[in-house]
Amino acid sequence: MRKRLRLSNLNKVYFPESGYTKRNLLAYYYRMADFILPFLRDRALVLRRYPDGIKGQAFFQKDVREGLPEWFKTVPVDSEHRGEVIQYATANDRASLLFLTGLGCIDHNPWSNRYDDLDHPDYFFFDLDPSDGTEFSAVVTIARALYEKLEELRLASFLKTSGATGIHIYLPVEPIYTYEQLRTFGEIIARTVTAEHANLVTSERIVAKRPAGRVLIDVQQNAHGRPLAAAYSVRAFPQAPVSAPLLPRELRPSLRPETLNIETVFARLKDKGDLWGDFWKRRQRLEQAIELLSNRMPSRTKKAP
DNA sequence: GTGTTAG
DNA sequence: CTAACACAACGCTTG
DNA sequence: CAAGCG
Ligand SMILES: [Mn+2]
Ligand SMILES: [Mn+2]
């Protein structure tokens, strides 16, 4: 099918500090479609729209039943909250991705489950959030520790900058676990890393109370209807940063996430390839890791002689 | 960003 | 005609 | 229940 769309306000500056326009943003997604679409397809999307750029008033949108081209696919999901169906946007092809970007969506935020199975996500992520005034090197240290822990557990994981101030570590999983099971599993791993880096990690969720210089290992975003900016998504910050896939060896204190943006990602792609290209070939079960974890953790019931 | 309403 | 206005979320934890 | 967070 031939999918037509009209794009407006192409010269509007979306990123005033760096000067990037809506046209620059659309061009980025046009060129990157093959790389980002695998992480958007078959999922409900939560829209965050910035029709006047990153300094303008932004808003969320879930229901998109109005103003769509006839070819645009939406997916109905029962909302417990509203007691009625919400028609969520989807992006299974480049035209849909560009249409949504044209609405002012700078970042693209998919659910962690495909719409054919609302209760079983096919990945889990650790969201590393530094508090204000934390060196990025602290995030890097914790990301490395987590990555190595996952390696020990024989789990495949994938790294990316969040595009904001943190790092995301994803585990592709077979869609057979619930969100709650995955959060519990992730929390156990987070605690073992916390124990080994107590000076760099906080579990304080209230921003104002979070000690400076520390990183929150957040697993709570792994929940029904709670999306996260996808790999290769642009983020609404001054330099138009991208949530950029990383090699493990890039986890060094010199890493500057804001330098990975809508201009520089193409050179990385040429240089390093699509670092998340095998993501969907690596969906895994967790039983073996759970067993390794329980063997490593001495049973509390065991008494000293 | 868009569609509708008020002036 | 032009401009103002209306409209566009919610899951989960903690206190 | 509301606040806080993302
Ligand atoms: Mn984060
Ligand atoms: Mn977070």
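Atom set for the values below is all heavy atoms of this structure, side chains included, hydrogens, waters and symmetry mates excluded.
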**OP:** Could you tell me whether the side chain of A/K22 and the main chain of A/G102 form a donor-acceptor pair under 3.5 Å?
**Re:** yes
Original post:
Okay, side chain of A/R214, backbone of A/A198: is any donor-acceptor separation there less than 3.5 Å?
Top reply: yes
Original post:
Reading nucleotides 9-15 of chain C from the 5' end, what letters show protein touch, with B for base, S for backbone sugar-phosphate only, - for no heavy atom under 4.0 Å?
Top reply: BSBSS--
**OP:** Mark yes or no for whether A/D129, through its side chain, and A/L216, through its backbone, hold a donor-acceptor pair below 3.5 Å.
**Re:** no
Subject >> Distance-only donor-acceptor check, side chains A/N109 and A/R48, under 3.5 Å >> reply: no
Original post:
With distance as the sole test, does A/S131 use its side chain to make a donor-acceptor pair with the main-chain N or O of A/P211 at under 3.5 Å?
Top reply: yes
Original post:
Tell me: CD of A/Q57 to C1' of B/dG1, nearest whole Å?
Top reply: 14 Å
Original post:
Can you check the A/Y50 OH to C/dA8 P distance for me, whole Å?
Top reply: 19 Å
Original post:
Is A/F125 touching bases, backbone alone, or none of the nucleic acid, heavy atoms closer than 4.0 Å?
Top reply: nothing
Original post:
Looking at A/F158, A/Y123, A/F39, which hits ring pair (Phe, Tyr, Trp, His ring centres under 6.0 Å) with A/Y170?
Top reply: A/Y123
**OP:** Verify the contact: side-chain N or O of A/Y14 to OP1 or OP2 of B/dG1, cut-off strictly under 4.0 Å; return yes or no.
**Re:** yes
Original post:
Has the side chain of A/E204 got a donor or acceptor atom that lies under 3.5 Å from a matching backbone atom of A/I206?
Top reply: yes
**OP:** Would you indicate, yes or no, if D/dG6 has its OP1 or OP2 atom less than 4.0 angstrom from a side-chain nitrogen or oxygen of A/R210?
**Re:** yes
**OP:** Considering only Ile, Leu, Val, Met, Phe, Trp and Tyr, and joining two whenever side-chain heavy atoms are under 4.5 Å apart, list the other residues clustered with A/V13.
**Re:** none
Original post:
Using atom C1' of each nucleotide, how far apart are D/dG4 and C/dA9 to the nearest Å?
Top reply: 16 Å
Can you check nucleotides 2-5 of chain B for protein contacts, nitrogen or oxygen pairs under 3.5 Å, and list what you find?
{"unit_1": "B/dT2", "atom_1": "OP2", "unit_2": "A/S8", "atom_2": "OG", "d": "3.0"}

Original post:
Atom CG of A/L7 and atom C1' of B/dG1: how far apart are they, to the nearest Å?
Top reply: 12 Å
